[in-house]
Amino acid sequence: MRKILLLHTGGTLGMAPSGEPASLAPGPFLDHLLVQVPELGQLARLSVEVPFNQDSACLEPAHILTLTRRVRESATSYDGFVIIHGTDTMAFSASCLGFLLADLGKPVVLTGSQRPLAFVRSDARSNLVNAVDLACRAIPEIGICFGTHWLRGVATDKLSVHQFEAFQSPNLAPLAEIGAEIQLHPEAGAFTRQVPAGLGAQLDLNIHTITPHPGMSWFAAPAGAKAVLILAFGAGNLPMDRPDLKVFMEDCRQRRLPVVVISQCPYGGVDLSAYELGRKAEELGALSGGLHTRWAALAKLALVLGGGGGLPETREAFSVQWAGEPIRDEVWPQA
Ligand code: ASP
């Protein structure tokens, strides 16, 4: 039987019926899991740790680094890892871990639920069983298992507050379709790992994120911002006829702040050459984030900045795949 380490970090899945985070020690939590979902014991030899137990809205970079460290430290003792995580920031954690653990060579499956495990009608049970099953399959992917899909972490976003299919990877086919059978995508596990060496000791999230809307005033990026991420309209369009936007871009240029542009639309991505407005933004220094999700873009920026990188490193980071994240138009054919 495969040995799986289950790291519980909080979120809805482990909540008590009262809505409070359950107070959890690893031993009692494993007992609780095996009482609620005894079939887990038939799938794998499970160990449980609770590195922290909180609503994932309170996630900080230190939590990501803790998870990375625990997985790496125990990599030789386990065949795979399951991380129970709140859904709110799961796509961000999955993106960071997708880069930080790209070379692990073992499955890391993040999961959670929309309803607590303690509820009679809950998606927690099936998500857990599927996650443990996937973690036993020796496919070296860092992904989110939720509802009927396993999705590559660096391509995911949470798209529903309440549906059991809460996550999607809009620009990449799922790693697996989960139905009566688990149907794996033929290319699951096959991606080139090229995260630049030396990154990962720090995540610097001093990133000024802007979601423009029509008529918005453009104020200078706050002091302390190390980079700007703009979720632009459609293919990367911004109202370049606005003088305050030109002043904003010039200010970023003088401060050598990287300005990365991704799309507000989950499907498709940025092509700054598609419209005059995009070309103008590029002339003023905007870097295309292509198909990066906002979470993958933030994770990349945080790693580049955390490693002491600036404008050239950011430009390079957004022009290449680090760990199978969609960056330009090429997407897998549907399986
Ligand atoms: N607020 C919760 C969390 O992200 C939501 C959930 O787990 O579904 O921790």
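All ligand and atom numbering here is 1-based and tracks the order in the structure. Residues take their numbers from the sequence shown, with the count starting at 1.
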Under 3.5 Å, sequence neighbours excluded: what are the donor-acceptor pairs made by side chains of residues 273-290?
| residue | atom | partner | partner atom | Å |
| --- | --- | --- | --- | --- |
| S273 | OG | D271 | OD1 | 2.6 |
| E276 | OE1 | R279 | NH2 | 3.2 |
| R279 | NH1 | S273 | O | 2.7 |
| S288 | OG | G290 | N | 3.0 |

Donor-acceptor list for residues 214-231 side chains, cut-off 3.5 Å, not counting sequence neighbours:
| residue | atom | partner | partner atom | Å |
| --- | --- | --- | --- | --- |
| K226 | NZ | D204 | OD2 | 2.4 |

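More than 12 heavy atoms of other shown residues, nucleotides or ligands fall within 6.0 angstrom of atom CD in Q36. When the shell of 6.0 Å around CD of Q202 is examined, it contains 12 or fewer heavy atoms from other residues, nucleotides or ligands.
For ligand 1, residues of the protein lying within 4.0 angstrom by heavy-atom distance are G11, T12, D55, S56, G86, T87, D88, S113.
Remark: K300 is positioned above the aromatic ring of F318, its terminal NZ or CZ atom under 6.0 angstrom from the ring centre and at most 45 degrees off the axis.
When the side chain to side chain donor-acceptor pair (under 3.5 Å) test is applied to Q42, no partner is found at least two apart in sequence or on another chain.
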